[in-house]
Structure formats: structure tokens, C-alpha cells
Amino acid sequence: MERKGVRDNFGTLRLMRYGGGLEASFFSLAEMERQGLGEIGTLPYCIKVLLESALRNEDGVQLTPEHVMGLAKWGLSGPWGEIPFMPARVVLQDFTGVPALVDLAAMREAMKEMGGDPARINPRIPCDLVIDHSVQVDYFNRPDALRLNEEKEFERNQERYAFLKWGSGAFRNFRVMPPASGIVHQVNLEYLSTVVFRDEARALVYPDSCVGTDSHTPMVNGVGVLAWGVGGVEAEAAMLGQPIFLPVPRVVGFRLTGRLRDGVTATDLVLWITRICRERGVVGKFMEFGGPGVDALSVADRATIANMAPEQGCTASFFPVDEKTLDYLRMTGRPEHLVDLVERYTKEQGLFRTHDSPPPRYTETLDLDLSIVGPAVSGPKRPQDLIRLEDVARDFGNRLLESPGPKGLGLEERDLSREAEICLGPGTERITHGAVVIAAITSCTNTGNPSVMIGAGLLAKKAVERGLQVKKTVKTSLAPGSRVVTAYLEKAGLLPYLEALGFGLVGYGCTTCIGNSGPLPPDVARAVEEQDLVACAVLSGNRNFEGRINPLVRAAFLASPPLVVAYAIAGSIAKDLTREPLGVDREGREVFLRDIWPTNADIEKVMLSSLEPGMFREQYRSIWAGPEPWRKIRAISSDLYPWQEDSTYVRLPPFFKDLS
């Protein structure tokens with residue numbers, strides 16, 4: 001006799017109306033609590049998402065009543081055990097997504113060999129693959145850099161792209177976003193995430209959630225979408241309708257108070273939080289943000305924090321849905337019926353946070369007063385090694401003397417005076433240890449945040465107006481996470497100033513942050529190698545491990561986009577930006593960082609005048625079509641992939657050969 005589960009015994013299915021006449025059903029957590037099945041109202045918001053998934057997918061086999069009740073009584077009794085989780089969807093990037101698609105294609109071959117219909121093999125849940133990890137900065141600081149880098153990208157990846165384009169047409173529930181669209185995590189935040197997911201076939205709604213084959217998938221936790229990065233096997237299991245098993249998570253409540261001071265950015269804040277989390281130890285845990293300080297953070301600021309969950313050490317850094325979430329959905333051009341659904345559903349389910357919501361019960365708590373956060377960078381090798389801006393130059397000099405290690409560069413005293421003189425056009429440039437040879441505005445962490453991107457543009461504008469220039473030895477680049485960034489920088493009139501300092505567009509995708517910085521100019525590379533100099537990179541990314549950014553860069557520092565521009569002008573990490581001038585203006589007067597740093601009011605004014613929902617709708621309207629080189633790739637229309645025997649990249653794997 002079939003055993004009835006929680007949802008059947010207690011009748012948790014309810015009907016809701018939204019959007020002026022639309023209807024949908026949902027499994028009610030509030031009804032569970034009314035039936036006396038647990039203190040669900042005081043659960044962490046992220047645990048409620050896991051609980052809803054368990055309740056909705058309960059089948060008595062993989063997801064049992066015990067799993068549901070264990071989550072309903074989370075934190076009140078042990079043991080913790082494991083929980084199967086069924087995400088709403090899967091996101092992939094091109095490097096880690098290709099093996100998953102190869103496996104699906106191989107399964108179709110096996111289905112054919114066994115006499116079945118290969119077209120039956122498809123992902124069971126929606127999957128989006130965004131091609132964003134293949135563009136490299138071969139060309140920079142020239143008007144045609146974007147076009148030339150794109151040409152190189154397609155030249156190098158023709159076979160991969162043809163395979164992915166086949167997959168986008170061959171499989172149901174599988175979409176491929178073409179190259180030059182943006183970074184998967186920023187696109188996920190601005191476009192793919194719905195916060196509340198609607199299953200059209202069953203007219204059922206539930207929390208949007210996802211797993212992805214990239215460690216920075218947690219970025220969308222900033223908009224209230226529970227998400228984290230997984231390995232390829234787990235992602236494929238989810239794609240094929242199998243649950244992901246994870247330990248029932250401990251949840252760290254991170255309480256924020258106060259407000260950020262003027263001149264302090266979301267990048268500074270996330271670097272501070274990353275250091276705190278590493279010192280406290282949050283590995284393997286979920287982290288959930290609350291407190292009055294959250295109300296002072298925009299969704300873009302929250303996403304900046306959520307993006308660096310891997311660097312913080314936790315599985316996910318979650319921000320519950322609130323009024324700021326609804327504002328963000330409207331600002332990014334989401335339809336009003338979706339915004340109405342998100343508000344009604346999350347309030348009904350107890351997933352909507354307000355300033356007077358009672359704090360959930362947590363495993364442990366952390367606290368941070370936002371007013372103590374100051375400008376900072378992290379480096380030279382690890383994201384958690386925060387350095388206050390005023391200490392960077394002094395710390396760098398001291399670390400050169402240290403033995404090799406996470407914070408040391410291991411130079412002997414006799415090597416400290418090494419330098420090189422480089423001839424670059426008219427005149428020469430002298431570089432020493434600490435010379436900034438790469439300055440990159442890159443990575444989903446910050447390019448998804450208009451406040452820091454506009455801040456960089458305003459700083460560039462003031463610098464250009466004062467006659468400041470970037471050192472010729474610095475390789476500069478601007479790689480936005482979506483085309484919306486270009487649109488609002490152009491409308492604000494700031495892109496020309498960034499270009500004047502060398503920060504012209506080089507591509508839309510992950511570049512310097514994942515090591516696709518491209519080669520240094522030959523003369524610079526030769527000088528660094530011959531003199532064994534400690535060359536530096538400053539980037540608005542999330543990873544700075546030794547050797548990751550560029551083989552010739554031994555020290556890399558994570559910084560906000562405005563600071564990336566400032567260090568490109570300064571030309572050296574050994575220059576104290578808080579006390580020494582960046583340069584001199586046309587009248588010979590010294591110009592300090594404080595003279596050109598934009599105020600929060602300056603940034604807010606430009607954001608209000610240059611950012612609008614129509615931009616997002618316009619840029620994403622035709623996003624699936626892709627650039628011309630993508631459209632020119634011949635789309636193979638077949639259920640089975642035509643494997644090429646001489647291919648050195650995409651080959652039919654033997655996993656399913658002679659399968660009974």
C-alpha cells in the first residue's frame with residue numbers, strides 16, 4: 001500500500017491569483033505550520049526554500065516524509081543528516097558545460113544503439129548555458145579591440161561553438177546564450193532569474209533556485225534566488241531530474257548595521273566580509289544576511305557580496321526577498337505580472353523580509369557595522385587578505401622581504417633594487433617591483449553593480465579633465481558583464497573618458513579574472529622576465545591566486561573599479577594613494593586621489609539619469625540571436641551529433657558502449 005506523504009496527508013496545495021487574473025497553485029509552508037508540523041516561521045529563509053522543494057518533490061522514495069519533517073524541525077533536534085534537493089533550473093558556462101552536453105549526446109547514441117528513440121534524452125529541468133569563458137584580451141587600448149578579440153575568439157573555438165549550437169537546437173529544456181552576451185552570473189542576475197519560478201505545464205509556482213557548474217553561481221543569492229556551484233556530475237544529475245544530496249546545512253546569520261561611509265564601495269564591503277568569514281570559518285555552511293544594514297544595500301550591492309561566497313568559504317550567501325528586490329526587478333525590465341507574483345508568493349510563504357521581521361533562529365551569528373568599513377584591496381595572492389588602502393604601499397614593501405607564503409613574495413634584500421627601463425614610443429618608462437602591468441575592470445563581481453561602474457567612469461572623467469594619463473606600461477581593459485553596462489556608460493557620457501585612459505571595451509565575458517588577460521606587451525614582458533621583477537595586476541575580480549591572472553604577474557590585488565583606474569594612473573602598487581599624488585595636472589599642480597574620487601551623491605545622480613528599465617529590455621530582447629559570427633555558424637539539425645573521428649576536442653565518450 002502506497003504511503004501518503006506530508007503534502008497529501010495535510011493538504012498543503014493552495015491556489016493564488018496574481019497579475020490581474022493569472023492563477024497558479026503552490027505548496028504552502030504556512031499551512032504546514034498551521035497543521036502543527038514545525039516552527040516554520042522562525043526558520044532561516046534559505047531553509048524555507050529547501051523545505052518547500054522537499055515538500056513539493058516528496059515521492060516517498062528519494063524525498064521522504066522524514067526529509068520534509070527533518071527540515072520543518074531544522075535546528076530543534078539532531079542529527080543533521082542529508083537532504084535531497086531539486087533545484088528549479090541549472091546554469092552552465094561553456095568550459096564546464098561542454099562535458100555535460102557531450103554526455104547527453106552520448107546518451108542519445110546509446111539510446112539509438114538499444115533501439116530506442118534518441119530524442120527522448122533531454123534535460124528534465126530548464127538549463128541555460130552561457131558562452132562567456134572563451135574571450136581573451138589579445139588587443140586592448142585601441143578602437144577596434146572589441147572586434148579583433150571577437151574574431152580571435154571565434155577562430156579559436158569554431159568546433160566548440162558548432163557543437164554548442166547543435167545542442168541548442170537538438171535538446172528540449174536546453175538553451176545556449178551566444179558569445180559576446182555577457183558573464184553567466186551577471187546575465188543570470190539581470191535576466192534569467194525570476195525569483196519565483198512558474199511551471200507552465202502544471203500551473204505551479206515555487207521559489208526560483210539553481211545550481212551551476214561555476215563556483216560564482218551564488219551571485220543570484222543577492223536577489224533572493226538560492227543557488228550555489230556544483231561539480232559536473234551533480235549538475236548532470238539535476239539536469240536529468242535527480243536530486244542533489246547535501247548535508248542539512250548549518251546557517252550563519254550575518255547581521256549588518258549602520259551605513260557605508262561616503263566614498264566606500266560595495267567592493268570594499270565584500271572584501272571586508274570575505275576576511276571576516278575566513279577568520280571565523282564558515283566552510284560548508286549557508287550564510288544569510290539580515291539586520292537594518294541590509295536595508296541600506298541595493299540588490300546590486302548584495303549580489304556583489306553573494307558573488308564571493310566561494311572566497312568567503314560558505315556554500316551560499318543569501319539575501320531574502322524584500323522591497324529592494326521588487327525595485328530591482330522593475331528596474332531591470334521584468335514584467336509587472338512577475339513582480340506581482342514575486343511579492344504575493346513570497347509574502348504568502350513567509351519568504352519576504354521587512355525591516356521589522358523577527359530574526360530567524362540561526363546556528364551561529366556574525367555582526368558588522370557598515371560604518372567601520374573603509375577603502376581596501378585584497379592581495380597579493382588570496383581574496384581574504386584584506387589591506388586598508390592607506391596600508392597598501394607600506395605592506396607591499398614589507399612583504400617583499402618575507403619568506404614565500406600566502407602573504408609573502410620571498411625576495412632577498414639584495415634583489416629589492418631591481419628595475420628596468422622600457423622604450424615605449426617617444427620616451428622611456430622605468431618600472432620596479434610593484435609596477436602595475438595589468439589594470440582590468442572585469443568579472444561578474446563588480447561589473448554587475450552600476451554604482452561602482454559609474455564610479456569608475458566619474459573618476460576617469462575627472463582624471464582626464466585634470467590631464468592625468470595612464471602609464472604606457474599598463475595593460476588596461478574593460479570587459480563588462482553585460483551589454484547593459486555599455487548602454488548606461490554611453491548614456492551617462494562616461495565611456496569616452498574611460499577609453500581616453502585606455503579602458504576601452506575588449507569583450508563581454510570573463511577575461512582577466514579567469515586568466516584570459518592575454519599576453520603583456522613584448523617590451524614589458526621582456527623587462528619583467530629579465531630583471532625578475534614582481535609585476536602586479538589590479539583587477540575588479542574575485543580571484544587573485546598566484547599565476548592565475550598572468551604567468552608574469554606575481555602579485556594581484558582585488559579592488560573596486562574606481563581603484564583599478566586610480567592604480568593604472570599611479571602605475572605602481574608601491575605608491576600610497578592616500579598620501580602621494582597620482583600625478584600632476586596641465587598647470588603642474590599635484591592631483592591626489594581625493595581630488596578626483598566621486599561622492600556617493602555624484603554616483604547616485606548619474607545612476608538616476610542614465611539607468612532605466614528600457615535598457616535591459618532592449619539589450620536582452622535579441623540576446624539569443626548572438627553576434628554575426630555566431631549566426632554564421634551552420635546549425636546542424638539532427639537528434640544525433642555528427643561526431644568527427646579526427647577531432648581532438650569533441651569525441652564520443654565510451655561510457656555507454658555495450659550497455660545492456
Side-chain angles (χ1 to χ4, degrees), residues 29 38-54 71-76 80 83 85 87 189 193 195 207-211 216-229 246-257 266 269-270 272-274 276-278 280-299 301-325 346-347 349-370:
L29 299 182
E39 298 176 17
I40 295 169
T42 59
L43 289 175
Y45 294 91
C46 57
I47 296 297
K48 292 179 186 178
V49 175
L50 296 179
L51 173 59
E52 189 282 337
S53 176
L71 280 173
K73 299 182 184 299
W74 180 91
L76 299 178
W80 290 87
I83 180 70
F85 175 61
L189 181 75
S193 294
V195 183
D208 187 9
S209 60
C210 69
V211 294
H216 293 100
T217 301
M219 183 172 185
V220 290
N221 282 282
V223 75
V225 175
L226 185 61
W228 62 88
L246 67 152
V248 175
R250 272 75 167 169
V251 183
V252 179
F254 205 130
R255 186 172 184 271
L256 302 178
T257 57
L269 174 58
V270 70
W272 280 65
I273 287 173
T274 300
I276 291 169
C277 290
R278 282 294 178 177
R280 179 68 175 261
V282 296
V283 174
K285 302 172 184 176
F286 282 19
M287 197 153 62
E288 185 169 284
F289 286 82
V294 171
D295 298 323
L297 299 177
S298 69
V299 165
D301 292 343
R302 300 171 189 182
T304 302
I305 296 168
N307 178 278
M308 288 188 69
E311 287 72 36
Q312 293 152 17
C314 58
T315 302
S317 292
F318 189 74
F319 288 83
V321 174
D322 62 7
E323 288 292 342
K324 291 282 184 74
T325 312
T346 54
K347 286 181 176 179
Q349 287 284 52
L351 294 170
F352 193 93
R353 175 193 167 275
T354 64
H355 70 278
D356 57 354
S357 295
R361 60 180 191 268
Y362 293 115
T363 312
E364 57 186 292
T365 57
L366 294 171
D367 290 272
L368 176 64
D369 180 355
L370 299 180

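Scope of the values below: all heavy atoms of this structure, side chains included, with no hydrogens, waters or symmetry mates. None of these values were measured; they are calculated from a predicted model.
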Can you tell me how far the [atom1] atom of [X] sits from the [atom2] atom of [Y], to the nearest 0.5 Å?
X      : Y      : atom1 : atom2 : value
Leu368 : Ile276 : CG    : CD1   : 4.5 Å
Asp295 : Asp322 : CG    : CG    : 6.5 Å
Thr257 : Asp369 : OG1   : CG    : 4.0 Å
Leu366 : Met287 : CG    : CE    : 7.0 Å
Phe254 : Phe319 : CZ    : CZ    : 9.0 Å
Ile40  : Lys73  : CD1   : NZ    : 8.5 Å

Next on the checklist: Please evaluate residues Val252 and Thr363 with respect to the criterion side chain to side chain contact (heavy atoms under 4.5 Å, CB included), reporting the C-alpha separation (whole Å), side-chain torsions for both, the decisive distance (0.1 Å), and the verdict.
Outcome noted: CA-CA 6 Å; Val252 179; Thr363 312; 5.9 Å; no
Which heavy atom of [X] sits nearest a heavy atom of [Y], and at what distance?
X      : Y      : result
Gln349 : Leu29  : OE1-N, 2.8 Å
Ala306 : Ser317 : CB-O, 3.5 Å
Val321 : Thr325 : CA-OG1, 3.5 Å
Arg302 : Gly222 : CB-O, 3.8 Å
Leu297 : Lys324 : O-NZ, 3.4 Å
Cys210 : Val225 : N-CG1, 4.4 Å

Next on the checklist: Once you measure the plane-to-plane angle for Phe286 and Trp228, does it fall in the parallel (<30°), tilted (30-60°) or perpendicular (>60°) bin?
Outcome noted: tilted
Next on the checklist: Is there a side chain to side chain contact (heavy atoms under 4.5 Å, CB included) between Arg250 and Val282? Walk through the geometry before answering.
Outcome noted: CA-CA 9 Å; Arg250 272 75 167 169; Val282 296; over 6 Å; no
Checklist entry - Mind checking whether Ile47 and Pro249 have side chains closer than 4.5 Å, heavy atoms only? => result yes
Checklist entry - So do Thr346 and Arg353 actually touch side chain to side chain, heavy atoms under 4.5 Å? => result no
Please answer whether the main-chain N or O of [Y] pairs with a side-chain N or O of [X] as donor and acceptor at a distance below 3.5 Å.
X      : Y      : answer
Glu288 : Tyr362 : no
Arg278 : Glu311 : yes
Trp272 : Leu370 : no
Arg255 : Thr365 : no
Ser53  : Leu50  : no
Ser209 : Pro87  : no
Arg361 : Trp74  : yes

Item to check | side chain to side chain contact (heavy atoms under 4.5 Å, CB included) involving Ala316 - partner list, sequence neighbours excluded | outcome: Asn221, Leu226
Checklist entry - Excluding sequence neighbours, so at least two apart, what forms side chain to side chain contact (heavy atoms under 4.5 Å, CB included) with Ala266? => result Asp301, Thr304, Asn449
Next on the checklist: For Glu39, I'd like to know if atom CD has over 12 heavy atoms of other residues, nucleotides or ligands within 6.0 Å.
Outcome noted: no
Checklist entry - Does the pair Val211 and Thr217 meet the rule for a side chain to side chain contact (heavy atoms under 4.5 Å, CB included), with working shown? => result CA-CA 7 Å; Val211 294; Thr217 301; 5.9 Å; no
Item to check | Counterpart residues, ring pair (Phe, Tyr, Trp, His ring centres under 6.0 Å), relative to Phe352 (two or more places apart) | outcome: none
Next on the checklist: Using side chain to side chain contact (heavy atoms under 4.5 Å, CB included), reason through Thr354 and Ser357 one step at a time and then give a plain yes or no.
Outcome noted: CA-CA 5 Å; Thr354 64; Ser357 295; 2.9 Å; yes
